[in-house]
Amino acid sequence: MTPRLHTHRADGPAQYFRGVRVAPKVAAATGGAVIAAGLGLTGAGVAQADGSVWDKVAQCESGGNWSINTGNGYYGGLQFSKSTWRAFGGTEYASTADKATKSEQIAVAQRTLEQQGPGAWPTCGKRAGLTRSNGGADANAQPSGTSARPAESTSSRSDSSRGLAVDGKFGPATTRALQKWIGVSQDGSLSSSDIKVLQSRIGAEADGKIGPETTRKLRAAIGQGDNGARNFRTDSSTVRALQSYLNTGAAAPAKSSSSSSSSSSKASSSSSSSTGDLVVDGKFGPKSTRALEAWIGVGQDGSLSTADIKALQKKIGAEPDGKIGAETTRKLRAAIGQGDNGVWDFRTSYATVKALQTFLNG
């Protein structure tokens, strides 16, 4: 049998298995998305989608092998990296994608598609004709076959006035319950000022922006460990834990004075932190370099050395050759939640540097 040529691959020699040629580093570092054939369930968190388009993407990415693990750092039918699998809630099903069912991989992939769009698979997605619509993009997607959960407006506990349905969907009812918990107006829409109050309650920097720190500290406040999620509102496992916690009627922590004073001192001096308050100007200068060096855990001298580049490449899952090129730029963009834009060197890409500066400020 003549091997099928892989259509979506990064640099490096291919590996053969089960008669299919598959590259060791496919471009699903952004979190490839998958939908099972015949998926047409209705109900909360299970989006309608054209199953065939996802089978085409999976065939392109991994030869359609949903349990593949070749040891290249990517897993499952759509070759999820560990970081992307974790960021979109995959660890609620399995530690890596290859250990999850096809429908569970599909659900995580739909969440990825909602945030990153078809550009998360610049080659395979395009060849398969993937769109948000036919891929069933849904930030709260659940595996097919999951029982439909009641809408948030329906109380899941008749004996509780806070009877949120524990469904992992951050909708208006959950928002109002969270607003009540932190002591602000309950209008069902989380404003920047509401987020600042939440942050002051949980000891995060009160900047009005939800990011990894806010999500991590909210999880700590409700008795959960860090799971790597960037935004608690789009992480179904965190939302479910939050809904369960709010149903208990527990009081919110007292406001933290340290977070507000930290915020004000930071605002008065943009140079006081190597990673905070970068000017988002699209220019990769010494300060942006130092912030990036701090993020990857190397010495912050404001000059990106070959060793620094290798450390960056290891962090984002690129080949650690110490040279910045298309792969490094693509995987850095994926790590900060951006799709591939075809740029060769991220340092010279205005849009990429702006996105990186915004990410490092978070």
Side-chain angles (χ1 to χ4, degrees), residues 45 83 85-93 95 111 115 139-140 149 152 155-157 159-267 273 275-277 295 337 359-362:
S83 60
W85 180 251
R86 181 176 62 248
F88 289 94
T91 51
E92 68 180 279
Y93 308 122
S95 58
R111 302 170 197 168
Q115 180 169 319
N140 300 298
R149 296 179 175 89
E152 269 204 320
S155 173
S156 62
R157 297 188 181 186
D159 61 343
S160 172
S161 61
R162 301 172 187 265
L164 293 171
V166 182
D167 58 6
K169 298 181 69 177
F170 194 81
T174 299
T175 303
R176 285 192 292 270
L178 180 61
Q179 288 172 321
K180 185 174 182 179
W181 185 61
I182 61 177
V184 298
S185 178
Q186 300 162 46
D187 60 5
S189 177
L190 205 60
S191 67
S192 177
S193 61
D194 293 344
I195 294 169
K196 287 181 180 180
V197 174
L198 169 63
Q199 291 167 325
S200 70
R201 292 279 191 180
I202 60 177
E205 182 189 342
D207 60 3
K209 300 174 183 178
I210 295 176
E213 182 198 18
T214 299
T215 297
R216 182 176 65 252
K217 292 196 173 182
L218 175 61
R219 286 182 61 88
I222 62 176
Q224 303 293 313
D226 183 18
N227 70 348
R230 180 170 183 80
N231 188 329
F232 69 82
R233 294 175 298 186
T234 59
D235 179 48
S236 60
S237 62
T238 300
V239 174
R240 280 198 295 272
L242 177 62
Q243 290 166 330
S244 296
Y245 182 86
L246 293 173
N247 276 336
T248 69
K255 288 186 178 181
S256 170
S257 58
S258 60
S259 63
S260 59
S261 61
S262 171
S263 177
S264 61
S265 63
K266 200 173 182 186
S273 169
T275 59
D277 285 346
W295 183 58
F359 175 84
L360 293 172
N361 276 337

- Item | Note, F170 side chain near T234 side chain (heavy atom, < 4.5 Å) | no

All heavy atoms of S244 vs all of V166, minimum pair found to be OG-CG1, 3.5 Å

Here the gap from T214 atom OG1 to Q199 atom CD, rounded to the nearest 0.5 Å, amounts to 4.0 Å

Query raised in the report: Heavy-atom distance under 4.5 Å between the side chains of Q224 and T238, does that happen here?
Result: no

To the nearest 0.5 Å, atom CD of E213 lies from atom CG of D207 at 7.5 Å

Side chains of S236 and R111 in contact at under 4.5 Å (non-hydrogen atoms)
yes

message = Side chains of R219 and D235, heavy atoms from C-beta outward: is any pair under 4.5 Å?
response = yes

inquiry  = Is it the case that the side chain of K217 and the backbone of I202 share a donor-acceptor pair, with hydrogens and angles ignored and the cut-off at 3.5 Å?
reply    = no

d(L242 CG, T215 OG1) to nearest 0.5 Å is 10.5 Å

- Query: F232 versus I222: any side-chain heavy-atom pair under 4.5 Å?
  - Reply: no

Heavy-atom closest pair (K169 atom, Q243 atom, distance to 0.1 Å) is O-NE2, 3.2 Å

NZ (K196) and NZ (K209) are apart, to the nearest 0.5 Å, by 9.5 Å

- Message: Quick one about D194 and S191 (side-chain donor to acceptor, distance below 3.5 Å, no hydrogens or angles considered), yes or no?
- Response: yes

Taken to the nearest 0.5 Å, the spacing of W181 CH2 from R201 CZ works out to 8.5 Å

The reported gap from CZ in R176 to OG in S189 (rounded to nearest 0.5 angstrom) is 11.0 Å

Using only atom types and a distance under 3.5 Å, with no angle test, would you say the side chain of N247 pairs donor to acceptor with the backbone of L164?
yes

Paired with Q179, the side chain to side chain contact (heavy atoms under 4.5 Å, CB included) test is passed by just one of L190, L198, V197, namely L190

